[in-house]
Amino acid sequence: MNTSEFRRRGKEMVDYVANYMEGIEGRQVYPDVEPGYLRPLIPDSAPQEPDTFEDIINDIEKIIMPGAASPACTELETVMMDWLGKMLELPKAFLTEKAGEGGGVIQGSASEATLVALLAARTKVIHRLQAASPELTQAAIMEKLVAYSSDQAHSSVERAGLIGGVKLKAIPSDGNFAMRASALQEALKRDRAAGLIPFFVVATLGTTTCCSFDNLLEVGPICNKEDMWLHVDAAYAGSAFICPEFRHLLNGVEFADSFNFNPHKWLLVNFDCSAMWVKKRSDLTGAFRLDPTYLKHSHQDSGLITDYRHWQIPLGRRFRSLKMWFVFRMYGVKGLQAYIRKGSNKVNEALLQRINSAKKIHLVPCHLREKFVLRFAICSRTVESAHVQWAWEHIKELAADVLRAERE
Ligand SMILES: *Cc1c(COP(=O)(O)O)cnc(C)c1O
């Protein structure tokens, strides 16, 4: 959408809201719809090709408004998290569809998702240990709990440990800045021998420091075997998994208890939108549930509805799935994939052509599978670092020319 269309659509939306306010007395206060009304009204996955803005706005009046704030807010979120989960090819266990045990929720940030996962894991291990030894107090268990992440994990992981009141230990990463089985196992052995209780591991896919990937296929099975909750933080790199050629980087997520990434970082959804999935929603609701009278409702525990207040720290929530619905439909899956991929082979070929016809440096390309790659090889004894710097400036200038020509 260019700025002139945005200006027009924005004005139409102001009219829509103003008309709503003027006609509000004619609308019903409480919706008639039954739990689960929304899912059958929309497709079960995101469109491949973009929809038009008109289609989406018409659906707002037809599908969202009859469900008022809730259930529409809750039900659209559940379906959008399934759409997004399918785009990533998440294992079915994480989806809500088909009434499985898993599901997705929108949190405000990756930091909150990690904290929520840690608190749920903490409650789960306390319940498990107390079931076996009722005399153990919560305080006695908490003192011994220990969580792990790689030494490259984001600072929000350490903060989750601080807020959650448990020890968090950094596992030394390997030469590729990845957490591996051997280092984790060493820490587990040492800490168990010291009487500590390992209960939670955060694996990072796409670290902040250098986009390294912890080895999920190694770490995952250890977590499952040792009864430790595995949380996967893919805050910014996660968006790339919607492209089939990057999906292998998510292999091993099947071992995770929870998985999170931020569509607000790299999937064109405005801040804030952090997508979190769990394999067993009862692990979250078991940890955070309280039901005062003023929050009880007639479908309580019917299994028909999702009460997202039990999945998060705040009670109230915004209608954040609307912006996912708009973005997924305005771009289509193909449009979102193209956004992640950015440059095409064609652009690279045009750049090479410009570089070689300028005759200041000479590059020989190659094909790496289907990708056209520009190779920068230094083969002369007389080349110094200043020449490489100069060549880089030259390439950047020509690349800017190519991009300018593309836009015109
Ligand atoms: C950005 C980032 C975070 C923090 O994200 P917030 O949503 O701001 O809390 C955590 N982990 C990784 C790997 C990140 O890239």
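Atoms within a ligand are numbered from 1 in the order they appear, just like the ligands themselves. Predicted model only: the values in this text are computed from it and were never measured.
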Give the single entry among Gly206, Ser155, Ala110, Ser274 that approaches atom 5 (O) of ligand 1 most closely by any heavy atom.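 Shortest heavy-atom distance from atom 5 (O) of ligand 1: Ala110.
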In the protein, what heavy atom is nearest to [atom], and what distance, to one decimal place, separates them?
atom                    : result
atom 12 (C) of ligand 1 : Ala235 CB, 3.4 Å
atom 11 (N) of ligand 1 : Asp233 OD2, 2.7 Å
atom 10 (C) of ligand 1 : His154 CG, 3.3 Å
atom 15 (O) of ligand 1 : Lys265 NZ, 3.0 Å
atom 9 (O) of ligand 1  : Ser111 OG, 2.5 Å

I need the contact type for Val157 against ligand 1. Using non-hydrogen atoms and a strict under-4.0 Å cut-off, is it side chain, backbone, both or neither?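 Contact part for Val157 vs ligand 1: neither.
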Parallel, tilted or perpendicular: which fits the ring planes of Phe372 and His367, with parallel below 30° and perpendicular above 60°?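 The arrangement is perpendicular - the two ring planes meet at more than 60°.
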According to the interplanar angle, ranging from 0 to 90°, do the rings of Phe259 and Trp277 count as parallel (below 30°), tilted (30 to 60°) or perpendicular (above 60°)?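 Rings of Phe259 and Trp277: parallel, as their planes differ by under 30°.
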Looking only at heavy atoms, which two atoms of Ala203 and Leu230 are closest? And how far apart?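 For Ala203 and Leu230, the tightest heavy-atom pair comes out as CB-CD1, 4.0 Å.
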Which of the ligand 1 atoms, numbered from 1, are nearer than 4.0 Å to a heavy atom of Thr208: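 Atoms satisfying the 4.0 Å criterion: 12 (C), 13 (C), 14 (C), 15 (O).
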With heavy atoms of Ser156 as the reference, note each atom of ligand 1 found under 4.0 Å away.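 Result: 10 (C).
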Is the side chain of Asp151 donor-acceptor paired with the backbone N or O of Ser173 at a distance under 3.5 Å, no angle test?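 Between the backbone of Ser173 and the side chain of Asp151 there is a qualifying donor-acceptor contact (under 3.5 Å).
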Axial cation check for Tyr339 ring with Lys342, 6.0 Å and 45° limits: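 Judged by the rule, Lys342 and Tyr339 form a cation-pi pair.
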Could you walk me through whether Asn262 and Ser274 pass the side-chain hydrogen bond (donor to acceptor under 3.5 Å, both in side chains) check? CA-CA 4 Å; Asn262 288 348; Ser274 186; 2.6 Å; yes
Show the numbers, then the answer: is there a side-chain contact (heavy atoms from CB on, under 4.5 Å) between Leu118 and Thr114? CA-CA 6 Å; Leu118 179 136; Thr114 305; 5.5 Å; no
